[in-house]
Amino acid sequence: MTAETPPPAGRAPRRLAIRGGTPRFASPLHVGRPNLGDREAFFRRAGEAFDRCWLTNNGELLVEFENRLTDILGVRHCIAVCNGTVALQMAIRALELQGEVIVPSFTFVATVHALAWMGLTPVFCDIDPVTHSLDPHGVERCITPRTSGIMGVHLWGRPCDVESLEGLARANGLHLLFDAAHAFGSARRGRMIGNFGAVEAFSFHATKIINTFEGGALTTNDDDLADRLRVVRNFGFAGKDFTEAIGTNGKLNEISAAMGLTSLDSHARFVAAHRRHYETYRGRLDGVAGIRFMEHDGGERGNYPYIVIEVDAGDGGLDRDLLYRVLRAENILARRYYWPPCHLVEPYRTRYPEAADRLPVTASVSRRVLALPTGTALAEADVHGVCDVIESAVAQAPDLTAS
Ligand code: T4K
């Protein structure tokens, strides 16, 4: 719950903080405030790890966490790991990707870094303007004789067009994998994310819908690949003494697994809170000049991890960066996820200057996108407070823009 400075009764409009008024919120509202489960349950589990004197390396809590993930996702194998970035690197290693991999530029930079870290060439592909994920027609145009894989990202928890990507991968003999960092608990046509492509990589970072402080997981329905991933996770060891491949340390420790299990206990409550906030924001802001919502498919199971709007100065609206500054002044710490897009940050900007020519949708979406605070730490009244500020800022758009 956030301490809120109430607007003075009966007097309107209040002066925006960017123009010298008092910030609407006395303490900051965050995007990515962790969803916290039951404190007692977490400490009880952590205590059990102490009692067993078993802190990592396939501990009981890890095994329980993996089993619960496997059940929830309806997938054959789940390999919990230390973070989502390492999950991606392990997937790339286990699939033996080479050369070029097609990937969106409109994503968190870890998606692309994972490829570059493994010595691969990311080939940036444009996105669909509605879903913000890979445009299959663009993917087709990016395929060359050097392409070995396609890495889709289920951005904002909204699944990619997996059927089209599967078709392209099959037709061209490519590996298909997904960065599912945002998508734990989402489904595509009734099938849980975690079951698509060769392998999917989740993040359980503190800012994600369920968290293990830092952590992640790989899921696959391929038994051989699962075996390889387990070997890669543990330095390449197959048994106790001999390695059989290059491996890394991708293990998730018991305290993180305790947090993961505790998060899962409250998963339904977390998603319900995120969905409620999404609906409140939409109810308030749909129709406000220059604001467009990232749509979720209400008929599909979704997890609503982010509140994403596109902000357009046309049609009487406000410029995105101006609205961002207005909100920050009010202690509403919105984020420009994902701006700048990956092809415009180093080293990709210098390595692949030509990428900008084929990414018009990425360019325009990344200039307009804004993520608003959400999560269980936010009260319904906070959401209304954010909407009041946005409405008021848009109403004052001409003055704000001129000053
Ligand atoms: N692929 C995608 C598509 C991803 O989004 C990510 C991670 C990955 C791959 C890689 O997964 P991991 O290796 O991280 O498991 C944050 C997270 O650090 C990152 O995990 C996440 N995506 C990304 C979208 O967001 P920053 O640089 O924006 O984090 P930061 O420190 O600014 O925190 C975000 C907000 O959350 C702030 O307003 C403060 C608040 N916060 C954060 C933490 C950690 C809290 O209130 N409490 C906390 O404990 O990257």
Side-chain angles (χ1 to χ4, degrees), residues 1-2 25 27-37 42 79-92 101 103-118 122 127 131-134 151-160 177-184 186 193 199-218 248-253 256 259-260 263 274 294 303 305-308 324 327-328 330-342 345 362 366 369-378 382 386:
M1 186 84 57
T2 312
F25 293 95
S27 52
L29 294 189
H30 293 274
V31 173
R33 200 80 174 146
N35 293 325
L36 297 174
F42 167 70
I79 298 105
V81 296
C82 57
N83 62 59
T85 307
V86 166
L88 290 169
Q89 292 166 357
M90 287 171 51
I92 293 162
V101 176
V103 67
S105 169
F106 190 63
T107 178
F108 189 57
V109 73
T111 316
V112 179
H113 279 347
L115 292 167
W117 190 265
M118 299 301 294
I127 51 167
T131 65
H132 296 179
S133 61
L134 276 180
M151 190 192 279
V153 182
H154 304 300
L155 208 67
W156 319 134
R158 190 185 159 134
C160 292
L177 66 163
F178 291 101
D179 177 340
H182 296 181
F184 181 79
S186 293
I193 295 300
V199 56
E200 303 213 54
F202 293 93
S203 166
F204 301 138
H205 180 260
T207 54
K208 297 295 183 276
I209 199 104
I210 67 154
N211 85 84
T212 56
F213 301 112
E214 293 273 0
L218 288 154
T248 188
N249 181 352
K251 291 170 288 166
L252 187 78
N253 68 65
S256 288
M259 189 64 168
S263 294
H274 279 256
M294 220 305 292
N303 65 353
Y306 294 96
I307 306 292
V308 180
Y324 172 75
L327 293 173
R328 307 263 318 173
E330 305 285 351
N331 251 331
I332 301 166
L333 305 187
R335 296 296 296 262
R336 288 174 288 197
Y337 288 148
Y338 288 109
W339 175 88
C342 297
V345 298
T362 298
S366 64
V369 81
L370 198 62
L372 301 174
T374 187
T376 51
L378 223 69
D382 296 332
V386 177

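As the structure is a prediction and not an experimental result, all values here were calculated from the model. Note that ligands are numbered from 1 as they come in the structure, with each ligand's atoms numbered from 1 the same way. Numbers here simply count residues along the sequence, with the first being 1.
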Any atom of ligand 1 sitting under 4.0 Å from a heavy atom of [X]?
{"X": "Tyr306", "value": "yes"}
{"X": "Thr207", "value": "yes"}
{"X": "Gly216", "value": "no"}

Shortest reach to [atom] by a heavy atom, considering only [options]:
{"atom": "atom 29 (O) of ligand 1", "options": "Tyr337, Phe106, Trp156, Phe108", "result": "Tyr337"}
{"atom": "atom 12 (P) of ligand 1", "options": "Ala334, Gly84, Ala201, Ala114", "result": "Gly84"}
{"atom": "atom 5 (O) of ligand 1", "options": "His182, Arg336, His30, His205", "result": "His182"}

Look at the aromatic rings of His154 and Phe178 and report parallel, tilted or perpendicular, splitting at 30° and 60°. parallel
Phe106 vs Trp156 aromatic rings, parallel, tilted or perpendicular, using cut-offs 30° and 60°? perpendicular
Heavy-atom contacts under 4.0 Å between [X] and ligand 1: side chain, backbone, both, or neither?
{"X": "Thr107", "result": "side chain"}
{"X": "Tyr338", "result": "side chain"}
{"X": "Thr85", "result": "both"}
{"X": "Glu214", "result": "neither"}
{"X": "Phe204", "result": "neither"}

shortest atom 46 (O) of ligand 1-to-protein heavy-atom contact is with Arg33 NH1, 2.7 Å
Give the atoms of ligand 1, by number and element, whose distance to some non-hydrogen atom of Ser203 is under 4.0 Å.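 So the atoms of ligand 1 that pass are 11 (O), 12 (P), 15 (O).
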